[in-house]
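Reviewing the structure listed below.
These numbers were taken from a predicted model, which means no experiment stands behind them. Chain letters run A, B, ... following the sequence lines, proteins first and then strands; every chain starts at 1.
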Amino acid sequence: MFPYPSGQGLHVGHPEGYTASDIIARYKRMNGFNVLHPIGWDAFGLPAEQYAIKTGTHPRITTEANIANFKRQIKSLGFSYDWDREINTTDPNYYKWTQWIFLQLYKRGLAYVAEAPVNWCPALGTVLANEEVIDGKSEVGGYEVIRKPMRQWMLKITAYAERLLEDLDGLDWPERIKAMQRNWIGRSLGAEVDFALAPETAVHGNIRVFTTRPDTLFGATFLVLSPEHALVKAITTPECRKAVEDYCEQAAKKSDLERTDLAKTKTGVFTGAYAINPVNNKPTPIWIADYVLSTYGTGAIMSVPGHDTRDYDFAKAFNLPIIEVIQGGDLSKEAYTGDGLHVNSGFLDGLNVPDGKKKMTEWLEEHKVGKASINYKLRDWLFSRQRYWGEPFPILWDKNHQHHPLPEEQLPLTLPEVQSYEPSGTGESPLANITEWLKVGDMTRETNTMPQWAGSCWYYLRYIDPNNSEAPFSQANEKYWMPVDFYIGGAEHAVLHLLYARFWHKVLYDIGLVHTKEPFQKLFNQGMILAYSYKDQHGAYVHVDDVQKTENGAVRKSTGEPLTMQIEKMSKSRGNVVNPDDVVRDYGADSLRLYEMFMGPLDQVKPWDPDGVSGVNRFLARCWKLLVAQNEDKLHERVVDEPCDAETEMIRNVTIRKVGEDIENLRFNTGISAMMVYINALEKLPKVPRIAAETLVLVLSPYAPHIAEELWQMLGHTDCVSLAPWPKYDPAKCERNTVTIAVQVVGKMRGTFDIDRNAPEEEMVAAAKAIPAVARQLEGKNIVKTIIVPGKIINFIAK
RNA sequence: GCCGGGGUGGCGAAAUGGUAGACGCAGGAGACUUAAAAUCUUCUGUCCCCUGUGGACGUGCGGGUUCAAGUCCCGCCUCCGGCACCA
């Protein structure tokens, strides 16, 4: 576990994953495993910094207070964390190694400086992180955000694109997370094609395009360059210069949002220049349009309006020719992107799309005008932030603007104290104003800091050796503990954190510091917990504390006004936040834990039901009342040292098996219901055999450790139930001697009967026919066939 | 549009192709109580009748496979999440 310690404290969504992992940890310990179940703090980040800007409080102070509050809450829930391994990304002893890992990337050429467009907010005078930009506006204040190129540190994650994609296959992760990562990496197989500039062009050379449809080359009726393409200026003819310059200027001003999400109508201008289609030597006009992205492929495309919807829209808008090269569609209406036979395509005519792609790629390579090529949507990782509350880069700049790594023995490079947390105003971080920190001889320190993802990229490795001052972690510990066997977290980290961490892990693998290609073998996402919210007639939210449920639905407590109810995300503004502190106060930590698990399947989104907590609380109370004498602090006299009767022994064995299997398979909700079934049976007994009682306490203990420890002591034990071994079951005892057989006539249920599980078939058939309802259905009919499934069902096929 | 995951009582849900609705919530009836809360017992998918050891229907919709389908196959509808001018 590695939460961000926010000022809001825990909400009931946090303990869902925490409880699940704690149950597994406790269960595995009881089964003799050495379990590493750690917790630490991902404590750099924006909220503390924003608070610092507003109030002048050092982010360290805020962070420490928030961590203290989180710890208090987490400890109140009884999670069996190894607190000796607690780590904190803002601790110099930790970020020393974050900086050290950065230097390893730097040394391998995986960190570089580039002029990259960033989110510049003129109103705030600062650069914003992507997550601070909502729908093209700053999260704070709602000011306009534009794209502005600035000097940035980049990490070359694209060098690992193929491996990041390939190695997903071997992971036990939810399919949707793998799908999201595959989608994000976005591998496309296609070809690069060179179009030579026409002889009359001002410059000579090629325009290289990337296409996934080389087979449609005969249908390419124009080329489109992105406004940022390097050749735009050089090839534009004098007549077109003004229009092109205007267009490029406009495009530069637009935010990404305006260029993509909002602008579905195509815009563009003609450059006046032509290129030669290598396959048929036809002069092809070159256009500029901002629907072509400079950051993907070669920043230039061949446009095949007949068989690409975007090109079709563009051709229609500017009245450019559309040629059919694949049969099957109606080009007067729309582009045809499906499969079909090639036409108007010379040597490809008659081939289908896959064969056409192959043949054209071969032709391009043979004639040296193109080659097969793979492209990825994945971009390099913009790794710097112009902020205070992050890891400083261990980098020095010399007078010639060359960067140099800080020697490793000088790590950690700690954050200096600053007077103000405000951005410097130039787009640089507040560190730029701390002259005594900034100047090192005639060198200058890098003033950017690392993004929050940096510290969380490798925390799981620090857990295995949290106090090591010689290395990020020891090799022996890495061999012993890695990889992470089970990682539970929210789906919001599906791509960013989980992709970045996989990237760093692979770099560490290449360096030889870790022995597995992947950090997290098994991943599971808990579903979000939602809650009922209430609105009045005007649509205004009414806080749940002011809501009363009546026969006619929810009403406002104070006025009786009827309210509408809906299930939504918990938030302060909706007045539907459930605070775990309140649940612990009213019902205790065990009830909270149990209810979190009982609500439904762990991976499902589900609403919090306040009445549901009282349900599991009742269950725990019944466990207590079964074993403990009323108003006395001792074992109830109905608990006796006697063996179980056959029925009790059967259900006891079934319960051990079911609860254990359900923990292994993360089906905590059905495991709890198995315990409920078990106690329902025990409550009916006049005497409770001690072994039956102990079994109950043992299987309950991973879920509800507090009450289980108390009951364990009542049962006379002096050691902890948490240290007791998980009970064993006998598969032979999990079956009854008599079984209930269902009887169907022509597939319809007509009754049941009980019989010895080993009874001969004739006896079963006779018993089945003896059921009055069955006999009635069979009356006057011939039994054509009798299907007997031993121990389960008999089906008479009668006419 | 593309990708991924769902749709079962009033609600949360359960069901290796073999008794649909376990377990819990809410609700009804009863016990205890001066009373209420708490607790305990019991009923509770819908509909029909001759009130039973009864019948019909029922897992988003329409087909199919099978002795038997919530579960498998084909075609739809719909909701949620992600991505989205990536050529």
Open item on the list: From C-beta outward on Ile797(A), which listed nucleotide comes closest to its side chain: C23(B), C67(B), U39(B)?
Closed with: C67(B)

Open item on the list: Is it true that Asn375(A) and Ser188(A) share a donor-acceptor pair across their side chains at a distance under 3.5 Å?
Closed with: no

Open item on the list: Can you identify which nucleotide, out of U53(B), C25(B), A14(B), has its nearest atom closest to the Asp611(A) side chain?
Closed with: C25(B)

Task: Atom pair distance, as rounded to whole Å: NZ in Lys569(A) and C1' in C80(B) - done: 13 Å

Open item on the list: We want to know whether Gln566(A) and Ser533(A) form a side-chain donor-acceptor pair, criterion being a heavy-atom distance below 3.5 angstrom.
Closed with: yes

Open item on the list: From the set A26(B), C83(B), A20(B), return the single nucleotide nearest to any side-chain atom of Met749(A).
Closed with: A20(B)

TODO: Measure from the side chain of Pro601(A), starting at C-beta and using heavy atoms only, and say which of U53(B), A14(B), G5(B) lies closest.
DONE: A14(B)

Open item on the list: Measure CE/Met180(A) against P/G5(B) and give the value in whole Å, please.
Closed with: 13 Å

Task: Distance-only polar pair, side chains of Thr695(A) and Arg652(A), donor-acceptor under 3.5 Å - done: yes

TODO: Could you work out the separation of A22(B) and A15(B) based on their C1' atoms and round it to a whole Å?
DONE: 8 Å

- [ ] Give Thr740(A) one of three labels, base, sugar-phosphate or nothing, depending on what nucleic acid heavy atoms sit under 4.0 Å from its own.
- [x] base

Open item on the list: Check this one for me: any side-chain N or O of Tyr291(A) less than 4.0 Å away from OP1 or OP2 of A87(B)?
Closed with: no

Task: Nucleotide A13(B), atom C1' - distance to OH of Tyr595(A) in whole Å - done: 11 Å

Task: Pairwise 5' ranking along RNA chain B for Ala770(A) and Lys658(A), keeping only the more 5' one - done: Lys658(A)

Task: Same-atom distance (P) from G63(B) to C48(B), integer angstrom - done: 26 Å

Task: side-chain hydrogen bond (donor to acceptor under 3.5 Å, both in side chains) partners of Gln630(A), counting only residues at least two apart - done: none

- [ ] Measure from the side-chain heavy atoms of Asp609(A) and tell me the nearest of U39(B), C25(B), A87(B).
- [x] C25(B)

Open item on the list: Using the ring centroid of each side chain, check whether Phe598(A) and Phe619(A) are separated by less than 6.0 Å.
Closed with: no

- [ ] From the options G24(B), G55(B), U19(B), select the nucleotide whose nearest atom is closest to the side chain of Ala742(A).
- [x] U19(B)

TODO: Mind checking Asp311(A) for me? I need base, sugar-phosphate or nothing, with any heavy atom below 4.0 Å counting as a touch.
DONE: nothing

Open item on the list: Looking only at the side chain of Ala179(A) (C-beta and beyond, no hydrogens), which of the listed nucleotides G4(B), A22(B), U39(B) gets closest?
Closed with: G4(B)

Open item on the list: Please report the distance, rounded to the nearest Å, between CG in Asp603(A) and C1' in G6(B).
Closed with: 11 Å

Task: For Ile177(A) against Leu523(A), the heavy-atom pair lying closest together - done: CG2-CD2, 4.0 Å

TODO: Output the single nucleotide from A87(B), U19(B), C57(B) whose closest atom is nearest the side chain of Lys748(A).
DONE: C57(B)

TODO: Search all heavy atoms of Asp380(A) against all heavy atoms of Ile157(A) and return the closest pair with its distance.
DONE: OD1-N, 3.2 Å

- [ ] For G9(B), decide between syn and anti, treating a glycosidic angle within 90° of 0 as syn.
- [x] syn

- [ ] Find the runs of at least 3 consecutive base pairs, i with j, i+1 with j-1 and so on, that include RNA chain B, using Watson-Crick or G-U wobble geometry with both distances under 3.5 Å.
- [x] B:1-7 with B:77-83, B:10-12 with B:23-25, B:27-31 with B:39-43, B:45-48 with B:54-57, B:60-64 with B:72-76

Task: Gln777(A) vs G55(B): side-chain N/O to OP1/OP2 distance below 4.0 Å - done: yes

- [ ] Please work out if Arg379(A) contacts a base, only the sugar-phosphate, or nothing of the nucleic acid, heavy-atom cut-off 4.0 Å.
- [x] base

Open item on the list: Within the 4.0 Å heavy-atom criterion, would you say Phe210(A) contacts the bases, only the backbone, or no part of the nucleic acid?
Closed with: sugar-phosphate

- [ ] Dump the intermediate steps for side-chain contact (heavy atoms from CB on, under 4.5 Å) on Thr309(A) and Glu334(A), then the final yes or no.
- [x] CA-CA 7 Å; Thr309(A) 50; Glu334(A) 57 182 4; over 6 Å; no

TODO: Assign Val677(A) to base, sugar-phosphate, or nothing according to its heavy-atom contacts below 4.0 angstrom with the strands shown.
DONE: sugar-phosphate

- [ ] Start with the C-alpha gap between Phe318(A) and Phe222(A), add the side-chain angles, then the distance that decides, and say whether ring-ring contact (aromatic ring centres under 6.0 Å, His included) holds.
- [x] CA-CA 11 Å; Phe318(A) 293 96; Phe222(A) 53 100; 8.9 Å; no

- [ ] Find the distance Lys266(A):NZ to A87(B):P and express it as a whole number of Å.
- [x] 14 Å

Open item on the list: Distance check, C1' atoms only: C23(B) and A13(B), in whole angstrom units.
Closed with: 8 Å

Task: Integer angstrom distance from the P of C49(B) to that of A56(B) - done: 15 Å

- [ ] Could you pull out the closest heavy-atom pair between Asp194(A) and Pro278(A), with the gap in Å?
- [x] O-CG, 3.5 Å

TODO: Would you indicate which nucleotide in A87(B), A14(B), C23(B) comes nearest to any side-chain atom of Leu293(A)?
DONE: A87(B)

Open item on the list: Of the listed nucleotides (G18(B), G55(B), C11(B)), which one gets closest to any side-chain atom of Tyr532(A)?
Closed with: C11(B)

- [ ] Under 4.0 Å between any heavy atoms, over every strand shown, what does Thr211(A) touch: base, sugar-phosphate, or nothing? Just pick one.
- [x] sugar-phosphate

Open item on the list: Taking only the P atom of each, what is the distance from C61(B) to U42(B) in whole angstrom?
Closed with: 35 Å

Task: For the student: nearest non-hydrogen atoms of Leu364(A) and Lys371(A), plus distance - done: CB-N, 4.5 Å

Open item on the list: Using OP1 and OP2 only, check whether a side-chain N or O of Arg622(A) sits under 4.0 Å from C23(B).
Closed with: no

Mind listing the N/O atom pairs, protein and nucleotides 74-77 of chain B, below 3.5 Å?
none

Open item on the list: Would you measure the distance from the P atom in U46(B) across to the matching atom in G9(B) and give it in whole Å?
Closed with: 12 Å

Open item on the list: Among Val659(A), Val616(A), Leu620(A), which residue satisfies the side chain to side chain contact (heavy atoms under 4.5 Å, CB included) criterion with Tyr703(A)?
Closed with: Val659(A)

Open item on the list: Any base atoms under 4.0 Å from Arg776(A), or only sugar-phosphate, or nothing? Heavy atoms, all strands.
Closed with: sugar-phosphate

TODO: Sticking with atom P, work out how far G82(B) lies from G28(B), rounded to a whole angstrom.
DONE: 40 Å

Task: Asn669(A) vs A14(B): side-chain N/O to OP1/OP2 distance below 4.0 Å - done: yes

- [ ] May I ask you to evaluate whether Arg618(A) reaches the phosphate of C25(B), defined as a side-chain N or O under 4.0 Å from OP1 or OP2?
- [x] yes

Open item on the list: Nearest heavy atom decides the nucleotide; on that basis, is Ile177(A) or Ile567(A) closer to the 5' end of RNA chain B?
Closed with: Ile177(A)

TODO: Tell me whether the centres of the aromatic rings in Trp608(A) and Tyr532(A) are closer together than 6.0 Å.
DONE: no

Open item on the list: Check this one for me: any side-chain N or O of Arg750(A) less than 4.0 Å away from OP1 or OP2 of G55(B)?
Closed with: yes

Task: Ring geometry between Tyr291(A) and Phe314(A) (parallel below 30°, tilted from 30 to 60°, perpendicular above 60°) - done: tilted

Open item on the list: Under 4.0 Å, counting only non-hydrogen atoms across every strand here, what does Gly186(A) touch: a base, just sugar-phosphate, or nothing?
Closed with: nothing

Open item on the list: What is the separation between atom NZ on Lys606(A) and atom P on G6(B), rounded to the nearest whole Å?
Closed with: 14 Å

Open item on the list: With a cut-off of less than 4.0 Å, is there a side-chain N or O of Gln604(A) near OP1 or OP2 of A13(B)?
Closed with: yes

